[in-house]
Number of protein chains: 2
Amino acid sequence: MDNDTVALYEARARILKAMAHPTRLFIIEELQRQERCVNELTGMIGADMSTVSKHLSVLKNAGLVSDERRGASIYYRLRVPCIMDFIDCVETVLKSNADAQMDIVRCCRK
Amino acid sequence: MDNDTVALYEARARILKAMAHPTRLFIIEELQRQERCVNELTGMIGADMSTVSKHLSVLKNAGLVSDERRGASIYYRLRVPCIMDFIDCVETVLKSNADAQMDIVRCCRK
DNA sequence: TGGTTATTTTGCTTATTTGCCAAATAAGCA
DNA sequence: TGCTTATTTGGCAAATAAGCAAAATAACCA
């Protein structure tokens with residue numbers, strides 16, 4: 001693989017890595033519903049505010065969310081809506097895994 | 001967030017985490033094209049075979065690929081085709097980030 | 001059975017990620 | 001300005017991930 005090709009896969013991986021955390025997936029889904037400030041998200045998530053803020057900065061650095069200060073609060077929103085289609089596919093994988101698991105159970109009961 | 005909700009986001013995150021590595025993204029894309037054995041993939045990737053094998057086991061544990069032994073070789077294939085739509089969306093994010101970057105450059109030149 | 005090829009597993013080291021706390025920064029208001 | 005609220009940053013310890021090399025498995029063939 002040449003350098004450019006490696007760079008492409010690294011760039012893609014950075015986006016996926018930014019999404020690959022339960023809290024960040026929650027944030028993505030919530031922001032798709034409506035914009036939220038750090039304080040609101042912290043209330044829903046129940047972690048330290050600094051932790052939530054750091055998750056948001058990970059999403060922001062990946063270009064997945066944008067932020068806008070209004071008064072004392074900073075509101076975040078999802079920048080790229082197609083991200084949600086992602087989640088649908090992930091659900092398909094989970095469903096498929098569950099089915100496969102079920103088959104194993106059925107098979108071994110016989 | 002209750003336990004079930006946390007478990008759901010953790011399950012989704014596990015899938016994304018399995019994808020979130022440049023080498024594994026390459027493997028996913030290649031397997032979508034055609035099934036491949038470890039040896040073939042190792043040749044394309046240029047890492048230690050044990051490393052490639054480990055990447056494949058990560059993908060397999062996440063339910064993203066399946067394997068089938070034929071003779072001495074083990075062939076891997078992509079289990080869930082919608083994964084590729086994912087990549088399209090990631091490309092959209094990258095494009096969008098590049099555009100945003102371009103805007104900044106344009107703005108600061110003025 | 002012994003040798004060869006293909007693959008996985010184990011051990012080990014290094015790098016990255018996570019999350020809390022405390023300190024720093026920012027904005028609004030009395 | 002001083003106080004309060006909202007958010008980010010830096011430091012640090014624990015957990016997780018990554019990659020190589022060597023040893024272990026597995027299948028094939030002579």
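Just so it is clear: chains get the letters A, B, ... in the order the sequence lines come, proteins before strands, and each one is counted from 1.
- Heavy-atom nearest nucleotides on DNA chain C were determined for A:Lys54 and for A:Gly71, and the one closer to the 5' end corresponds to A:Lys54.
- OP1 and OP2 of D:dA6 both lie 4.0 Å or more from every side-chain N or O belonging to A:Arg70.
- Taking 4.0 angstrom as the limit, B:Tyr76 places none of its side-chain polar atoms (N or O) nearer than this to OP1 or OP2 of C:dA6.
- The residues A:Glu10 and A:Arg12 are annotated as not salt-bridged, no charged nitrogen and carboxylate oxygen being separated by less than 4.0 angstrom.
- In this entry D:dA15 has C:dT16 as its Watson-Crick or G-U wobble partner, both defining distances falling under 3.5 Å.
- Ion pairing of B:Arg77 with B:Glu30 is absent here, as no side-chain N (NZ or NE/NH1/NH2) approaches a carboxylate O to less than 4.0 Å.
- In this structure, A:Ser57 contributes its side chain and A:Lys54 its backbone to a donor-acceptor pair below 3.5 Å.
- Distances shorter than 4.0 Å separate some side-chain N or O of B:His21 from OP1 or OP2 on D:dG19.
- Within the 4.0 Å cut-off from OP1 or OP2 of C:dG19, not a single side-chain nitrogen or oxygen of A:Thr51 is found.
- Pairing of C:dA30, defined by two Watson-Crick or G-U wobble distances under 3.5 Å, is identified with D:dT1.
- Counting non-hydrogen atoms under 4.0 angstrom, A:Ser53 reaches a base of the nucleic acid.
- Computed from coordinates, the A:Lys17 NZ to D:dT16 C1' distance equals 12 Å when rounded to whole Å.
- Look at CG on A:Asp48: it is 18 Å from P on D:dA14, rounded to the nearest Å.
- Rounded to an integer number of Å, the gap from CG of A:Asn61 to C1' of C:dT17 is 14 Å.
- Closest to the side chain of A:Arg24, from the set D:dT7, C:dT8, C:dT18, is C:dT18.
- Straight-line distance from the CG atom of A:Leu41 to the P atom of C:dG19: 15 Å, rounded to whole Å.
- Here D:dT5 presents its C1' atom at 13 Å from CD1 of A:Ile74, a figure rounded to the nearest Å.
- Between A:His55 and C:dT17 there is no side-chain polar atom (N or O) within less than 4.0 angstrom of OP1 or OP2.
- Remark: P of C:dT7 and CD1 of B:Ile45 are 12 Å apart, rounded to the nearest angstrom.
- The OH atom of A:Tyr75 sits 13 Å away from the P atom of D:dT8 (whole-angstrom rounding).
- Although no hydrogens or angles enter the test, the distance criterion places a donor-acceptor pair under 3.5 Å between the side chain of A:Arg24 and the main chain of A:Lys17.
- Summary of the strand contacts: A:Glu40 and B:Ala20 both lie near DNA chain D, and taking for each the nucleotide with the nearest heavy atom, the more 5' one is attributed to A:Glu40.
- Between the C1' atom of C:dT8 and the CG atom of B:Leu56 lies a distance of 11 Å, rounded to the nearest Å.
- In this structure, the side chain of A:Arg79 engages the main chain of A:Gly63 through a donor-acceptor pair within 3.5 Å.
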